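What you see below is based on every heavy atom in this structure, not just the backbone, and it leaves out hydrogens, waters and symmetry mates. The structure displayed is predicted, hence computed values, not measured ones.
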Amino acid sequence: MNTAFIPGLRLSQEFYRGLVHPILDRCFPGLVHAAGLIDGGSEVLGFDDETSMDHDWGPRLMLFLYEEDMQRYAQQIKHTLANQLPHEFNGYPTNFSSPDPDDNGTQLLQPIIQGPVNHGVAVQTVGGFFHDYLGFDIQQPLEPADWMTFSEQRLLTITRGGVFHDGLGLDATRSRFSYYPQDVWLYLMAAGWRRIGQEEHLMGRAGMVGDEVGSALIAARLVRDIMRLCFLMEKTYAPYPKWFGSAFRKLNCAGTLWPVFQGVLRSDTWQDRERYLVQAYEYIAARHNTLKLTGPMPEKAISFYGRPFRVIAQHGFAEALLKEIQDPEVKRIAQRPLIGSLDLFSDNVDLLSDPSWRGKLRQLYE
């Protein structure tokens, strides 16, 4: 397949408007629906490229129906599209291979020249999607424990993906997840500062005893924690590791911090790592003050209880943020150790990607 690359989200939108919508209008006139792409593909966030085309990518979209129409029309729609879609769109096959049970259900573009198309139009309800993708019943109110146990990657795709047609109020539903409520946001930033405070002095201590590998690992963890705090400060959900750095570079702080982080990660000694980390520490301290969420906080790194390690979180950023929380439920949660949200205390892929764990995870906050 030598077709020039088209960003997947644009391809999906053109596929809907050029082929799927006309077929629906012709065969199911008046059918109320929504269409878009808000699931987990790289193209949903705009990070896809030619390499992305090798799996789970192509002319695909999500079609949403009311529950009663889902029961009545879903199979008819799937059958109609299978038989009326052309075998190719914009140079790409519209046919996908069957899901590979040995590869997490991966599907590949598979050219055919005759017969029905195994298309990439997923038919579902809005409620069914949010239940399966987030483990959340959209008929219920969002509680602090829900926010703490949602994967940021999934919140990001829901809110950043494309909606091409909305007859169901899909945009109104996903707007509920646009960003953390104020007090949850304060709590998460406090937890982020707490994480930095728990390890910022350890980088130098490991290096002092000759463990530069251990020191480098701790420094890398600190870089990640500072990056995550920056996402929070700019009220932007952070994606999963593959696109974490790419998304960070789109933040306002990246112009200043990116070369600093490169310096940290390229340093051979703990002293050099600390020199770069202090620049990052003092930047985020100043950035905290620009948010005006607390009273002014010190912006200069200090020694760690007289030891030769320079730190910033010891100034009490976490404690200052916690004092500003008003919501009683978030206050109650904040009285316990500051574990933060799911993304803050775990990077286990199975835990982050399987919303069926949310029931048990919520118990951490109850």
Side-chain angles (χ1 to χ4, degrees), residues 3 5-21 33-65 89-90 92-94 96 99 103-109 119-136 138 150-166 168-180 231 234-251 342-343 349 352-355:
T3 304
F5 172 74
I6 300 174
L9 196 61
R10 193 181 92 197
L11 178 64
S12 177
Q13 183 177 48
E14 293 175 357
F15 178 56
Y16 170 73
R17 292 179 175 172
L19 290 180
V20 176
H21 197 185
H33 67 278
L37 200 61
I38 58 174
D39 61 3
S42 297
E43 72 270 40
V44 175
L45 301 180
F47 291 128
D48 57 323
D49 57 16
E50 289 85 351
T51 301
S52 308
M53 297 164 59
D54 64 2
H55 73 289
D56 293 333
W57 186 98
R60 69 182 191 92
L61 61 90
M62 304 162 71
L63 186 67
F64 299 93
L65 305 177
F89 176 72
N90 279 3
Y92 294 97
T94 57
F96 287 80
D103 190 17
N104 296 315
T106 294
Q107 292 183 276
L108 312 178
L109 286 177
H119 56 79
V121 179
V123 185
Q124 57 207 300
T125 65
V126 174
F129 166 72
F130 279 90
H131 179 271
D132 293 344
Y133 195 64
L134 280 186
F136 180 72
I138 59 173
F150 290 144
S151 156
E152 281 194 66
Q153 163 74 12
R154 297 201 168 203
L155 291 171
L156 182 61
T157 61
I158 287 169
T159 54
R160 290 290 182 86
V163 173
F164 317 136
H165 176 82
D166 188 12
L168 300 181
L170 175 59
D171 267 331
T173 299
R174 70 176 187 155
S175 70
R176 295 177 62 190
F177 304 89
S178 59
Y179 203 65
Y180 300 115
F231 276 105
E234 297 195 21
K235 290 191 171 184
T236 302
Y237 292 130
Y240 77 139
K242 181 167 63 171
W243 304 124
F244 190 79
S246 297
F248 179 84
R249 296 194 74 171
K250 295 186 176 184
L251 298 181
L342 170 60
D343 286 273
V349 173
L352 289 165
S353 62
D354 185 353

Q | Side-chain heavy atoms of Leu37 within contact of Arg60, under 4.5 Å | A | yes
Q: Calculate, to the nearest 0.5 Å, the distance between atoms OG1 and CG belonging to Thr159 and Leu45 respectively.
A: 8.5 Å
Q. If we only count heavy atoms from C-beta on, is the Ile38 to Phe64 side-chain gap below 4.5 Å?
A. yes
Q. Salt-bridged, Arg174 to Asp166, with N to O below 4.0 Å?
A. no
Q: Any chance you could lay out the side-chain contact (heavy atoms from CB on, under 4.5 Å) test for Phe96 and Asp56, step after step, and finish with the verdict?
A: CA-CA 9 Å; Phe96 287 80; Asp56 293 333; over 6 Å; no
Q. At what distance, to the nearest 0.5 angstrom, does CG of Leu170 lie from CZ of Phe130?
A. 6.0 Å
Q) Leu134 and Arg154: which non-hydrogen atoms are nearest, and at how many Å? A) CD2-CB, 3.9 Å
Q: Compare all side-chain heavy atoms of Ile138 with those of Arg176 and state whether any distance is below 4.5 angstrom.
A: yes
Q) What is the minimum heavy-atom distance between Leu156 and Pro239, and which atoms define it? A) CD2-CB, 3.7 Å
Q. Quick one: are Phe136 and His131 in side-chain contact, heavy atoms under 4.5 Å?
A. no
Q: Might you point out which heavy atoms bring Phe164 and Leu9 nearest each other, and give the distance in Å?
A: CZ-O, 4.0 Å
Q: Decide side-chain contact (heavy atoms from CB on, under 4.5 Å) for Phe15 and Thr94; before the verdict, give the C-alpha distance in whole Å, the side-chain angles of both, and the deciding distance to 0.1 Å.
A: CA-CA 9 Å; Phe15 178 56; Thr94 57; 4.1 Å; yes
Q) With a 4.5 Å heavy-atom cut-off, do Ser42 and Asp49 have their side chains touching? A) no
Q) Angle class for the Phe177/Phe150 ring planes (parallel below 30°, perpendicular above 60°, tilted otherwise)? A) perpendicular
Q) If you measure from CD on Glu14 to CG on Asn90, what distance do you get to the nearest 0.5 Å? A) 5.5 Å
Q. Any idea which heavy atoms bring Phe47 and Trp243 closest together, and the distance?
A. O-CH2, 3.3 Å
Q.
Using 0.5 Å steps for rounding, measure from the OH atom of Tyr180 to the CD atom of Glu152.
A. 3.5 Å
Q. CG/Leu61 to NE2/His165 distance, rounded to the nearest 0.5 angstrom?
A. 12.0 Å
Q) Rounded to the nearest 0.5 Å, how far apart are CZ of Phe129 and CG of Asp39? A) 6.5 Å
Q: Check the surroundings of atom NE2 in His21: do more than 12 heavy atoms from other residues, nucleotides or ligands lie under 6.0 Å from it?
A: yes
Q) Does Phe231 reach the side chain of Tyr237, with side-chain heavy atoms less than 4.5 Å apart? A) no
Q) Quick one: are Tyr240 and Val349 in side-chain contact, heavy atoms under 4.5 Å? A) no
Q | Minimum-distance pair of heavy atoms, taken over all atoms of Pro59 and Leu109 | A | CD-CD2, 3.9 Å
(Q) Counting C-beta onward and ignoring hydrogens, is there a side-chain heavy-atom pair between Arg160 and Thr236 closer than 4.5 Å? (A) yes
**Q.** Asp132 versus Pro355, closest heavy-atom pair with distance
**A.** O-CG, 3.2 Å
Q: Taking atom types as modelled, find out whether Thr157 and Tyr133 have a side-chain donor-acceptor pair closer than 3.5 angstrom.
A: yes
